[in-house]
Each structure stands twice: as C-alpha cells, then as structure tokens.
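Take a look at the following structure, please.
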Amino acid sequence: MEDAKKNKYKALIVDDDTDLLEMLSDILTIAGFKVVTAIDGVDGIFKYSNETFDIILSDIKMPKKDGVKFVQYIQASEAQKMMKAGNTFKATPIILISASAEEYKVELEVLGNIEILTKPFSPKAVIEKVTKLLERKFSTNTTAAGTLLSFKPGEYLIQEGDIGTDIYFVKEGSLNVVKKNQTGSDVVVSTVKGGEMVGEMGFLLKKKRTASVVAVTDSLVISIPKEKFEAVLDLQPKWFKILFETISTRLEETTKLLVDAKSKP
C-alpha cells in the first residue's frame with residue numbers, strides 16, 4: 001500500500017478485544033499507517049475528539065458505548081462541521097467490524113456512509129476495504145449528510161418541471177428561485193443564501209419541481225436524498241427548524257406576490 005506509506009494516513013481502531021485490536025493495529029502499521037487505538041466507544045470518542053483521523057475502524061459490540069452509538073456521535077459531530085460556510089471538511093470513512101451485523105441491520109441502514117468488515121477476515125480484506133474507502137474519500141465530494149455540489153453563476157440547481165425528491169442545503173453562496181409567468185418570462189420569487197434550504201416542495205409532495213433554482217454567485221450545496229433525510233435529521237436536529245423556517249418564508253413570499261399581483265390594475 002504505497003499511498004499509505006507515502007502519505008502516512010492516520011487510523012483510529014476501536015475494539016474491546018485486545019487481541020483483535022493488536023492484530024488490526026499490526027496490519028495497518030505494516031501498511032504504513034499511523035495507528036491510534038481505543039478500548040471502547042467512550043475511549044474512542046475521547047481519541048477522536050482530540051486528534052484528526054483519515055479512517056476509523058470500530059467493533060460493533062463493545063461495553064460502555066457500542067459501535068453504533070460511537071458512529072452516531074462521529075456523524076453528528078461531522079455534520080455540524082460540514083454545515084459551516086467555507087468549510088471543505090469531508091466525512092471520515094468508517095468500517096464497522098462484526099461477526100453478526102444482521103443483528104444491527106436497522107441501525108446500520110439509518111447510519112449510512114459506513115462499510116462492514118465481517119469476522120473472520122484476512123489482512124488482505126482489511127487493506128482492500130481501507131484502500132477503497134480512502135480512495136472514495138479523496139476522489140469524491142460525498143459527505144455524511146449528502147453529496148456536495150458546486151455551481152457557478154447562471155448554472156441551474158433545479159429546473160422547473162423536473163422530477164426530483166432531493167432537498168438541498170445551501171452551504172454557501174446565493175441562488176434565485178425563479179418561476180415563469182404567463183408570457184414565459186422568468187420572475188424571481190425569492191433568493192436562497194447560505195444556511196437555508198431549497199427544493200422542499202418536490203421533497204415533501206413528490207411532484208414535479210414548481211420553480212427553477214439558479215446560482216447568482218459561486219455556490220456550494222449539499223444534496224440530500226429523501227430516503228436519507230430522516231437519518232440526517234437525527235444527526236442534525238436543527239434542520240427541522242431550518243426546514244420549517246424555509247416553508248414559512250416561501251409562504252410569506254408567495255402571499256406577498258399574490259397581494260401585489262391583485263393590487264395591480
């Protein structure tokens with residue numbers, strides 16, 4: 001694993017089984033990683049909170065705090081980092097280790113953005129899975145919350161009439177919500193800025209997009225699939241407030257446009 005040796009990737013391994021912990025540590029150390037170990041989820045959170053890691057491997061069944069709760073903590077922490085404007089932080093890839101992952105099927109589906117390493121495993125399987133996740137991390141813009149998209153001024157995020165159920169969180173920049181009038185001309189309904197959401201109507205109603213959204217400035221937007229949004233809300237509860245405020249603002253703006261239109265002769 002030449003890339004690991006060259007770049008000195010840093011891995012956190014969390015497991016209460018000292019033999020397995022030592023074996024995983026040896027595998028990654030030989031592959032060129034700098035390795036930090038933790039003996040349970042609580043210890044893992046402490047290590048994670050005080051250092052930066054390129055990848056994390058954790059057992060699922062552990063005392064004090066199991067692997068599922070450990071990952072929930074990490075994803076909630078990282079979701080907050082990625083919401084900050086100007087932040088290029090990428091989610092830390094996580095491998096959960098288990099001999100019976102089926103027991104945690106529901107919890108694991110909600111977590112998302114993780115890989116499972118099934119016991120027993122070979123050193124080759126560990127390195128292959130770690131390599132795959134690191135390549136994905138550094139070659140894509142997938143985050144714990146969704147996919148990070150960038151737009152130049154004039155580029156469309158949404159086209160009126162399109163079918164789509166993703167909702168979008170504007171990380172930074174400015175976009176106009178545009179709707180065509182009876183003559184076919186574009187009318188700017190509202191402007192969406194960093195910290196706001198857009199695409200909520202198609203997301204909630206599962207209908208064609210009712211308006212277009214076009215970038216006014218260079219913008220970064222996180223695209224969140226409908227099926228993942230509930231899990232993201234568990235990690236980022238403040239998005240309930242943002243979504244509610246977005247819908248309220250759209251209703252207020254629409255009401256104002258209707259009043260203005262009816263006031264004209």
Side-chain angles (χ1 to χ4, degrees), residues 1-82 89-139 142-145 231 234-235:
M1 175 121 180
E2 286 301 317
D3 285 344
K5 291 179 181 178
K6 188 185 297 182
N7 296 308
K8 273 292 182 182
Y9 289 131
K10 191 173 179 182
L12 171 62
I13 305 174
V14 187
D15 202 317
D16 61 311
D17 184 332
T18 54
D19 291 335
L20 190 59
L21 192 65
E22 184 177 351
M23 183 182 76
L24 286 168
S25 180
D26 288 344
I27 291 171
L28 292 185
T29 299
I30 292 170
F33 284 79
K34 181 177 179 182
V35 174
V36 175
T37 61
I39 58 173
D40 56 49
V42 173
D43 188 26
I45 287 174
F46 176 78
K47 300 286 176 58
Y48 169 81
S49 300
N50 287 281
E51 300 183 53
T52 301
F53 298 96
D54 298 296
I55 192 163
I56 296 171
L57 295 85
S58 173
D59 192 17
I60 294 183
K61 286 188 176 181
M62 295 186 294
K64 295 185 180 179
K65 190 179 290 290
D66 64 24
V68 172
K69 291 185 176 66
F70 173 59
V71 173
Q72 287 174 336
Y73 174 88
I74 291 172
Q75 291 187 340
S77 174
E78 296 194 343
Q80 291 178 3
K81 292 178 183 178
M82 286 182 285
F89 181 86
K90 289 188 177 184
T92 307
I94 300 171
I95 297 173
L96 280 176
I97 305 163
S98 176
S100 54
E102 194 64 26
E103 293 179 36
Y104 296 87
K105 183 178 179 181
V106 175
E107 292 91 337
L108 296 178
E109 285 177 351
V110 172
L111 287 178
N113 200 36
I114 60 168
E115 289 280 337
I116 301 295
L117 183 63
T118 304
K119 300 176 186 177
F121 50 79
S122 65
K124 180 182 177 183
V126 175
I127 296 302
E128 285 179 349
K129 197 168 284 286
V130 166
T131 302
K132 170 187 167 185
L133 289 181
L134 286 173
E135 287 176 349
R136 184 192 300 172
K137 174 181 179 179
F138 292 109
S139 64
T142 300
T143 72
D234 288 337
L235 302 176

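Heads up: numbering here begins at 1 and tracks the sequence.
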Minimal heavy-atom distance between Phe70 and Gly41, with the atoms involved, is CD1-O, 3.8 Å
Value for CD1 (Ile74) from CZ (Phe53), rounded to nearest 0.5 Å, stands at 9.0 Å
**Message:** Looking at Thr37, is its backbone amide N or carbonyl O close enough to the side chain of Lys47 to form a donor-acceptor pair, meaning the two atoms are under 3.5 Å apart?
**Reply:** yes
Between Ser25 and Val35, the two heavy atoms sitting closest are OG-CG1, 3.6 Å
- request: Look at the aromatic rings of Tyr48 and Tyr73 and report parallel, tilted or perpendicular, splitting at 30° and 60°.
  value: perpendicular
Here the gap from Met62 atom CE to Asp15 atom CG, rounded to the nearest 0.5 Å, amounts to 7.0 Å
Test item: Asp54 side-chain N/O and Lys10 main-chain N/O as donor-acceptor pair under 3.5 Å: yes
Value for OG (Ser58) from CG (Leu24), rounded to nearest 0.5 Å, stands at 10.5 Å
request  = Evaluate the criterion side-chain contact (heavy atoms from CB on, under 4.5 Å) for residue pair Ile27 and Ile127; output intermediate values, then yes/no.
outcome  = CA-CA 8 Å; Ile27 291 171; Ile127 296 302; 3.8 Å; yes
Here the gap from Asp59 atom CG to Ile97 atom CD1, rounded to the nearest 0.5 Å, amounts to 6.0 Å
* Run the numbers on Ile55 and Leu28 for side-chain contact (heavy atoms from CB on, under 4.5 Å), then give the verdict. => CA-CA 11 Å; Ile55 192 163; Leu28 292 185; 5.5 Å; no
dist Lys64:NZ -> Asp16:CG (nearest 0.5 Å) comes out at 10.5 Å
### Message
Are more than 12 heavy atoms, taken from residues, nucleotides or ligands other than Lys129, located less than 6.0 Å from that residue's NZ atom?
### Response
yes
Distance col, row Asp66:CG vs Gln72:CD, nearest 0.5 angstrom, shows 8.0 Å
Q: Given side-chain contact (heavy atoms from CB on, under 4.5 Å), test Leu12 with Glu51 step by step and report yes or no.
A: CA-CA 9 Å; Leu12 171 62; Glu51 300 183 53; over 6 Å; no
Original post:
Would Leu134 and Thr131 satisfy side-chain contact (heavy atoms from CB on, under 4.5 Å), going step by step from the backbone distance to the final call?
Top reply: CA-CA 5 Å; Leu134 286 173; Thr131 302; 6.0 Å; no
Nearest heavy-atom approach of Asp40 to Pro63 is CB-O, 3.7 Å
Would you say Glu22 has more than 12 foreign heavy atoms packed within less than 6.0 Å of its CD? no
*asked:* Counting C-beta onward and ignoring hydrogens, is there a side-chain heavy-atom pair between Leu21 and Ile13 closer than 4.5 Å?
replied: yes
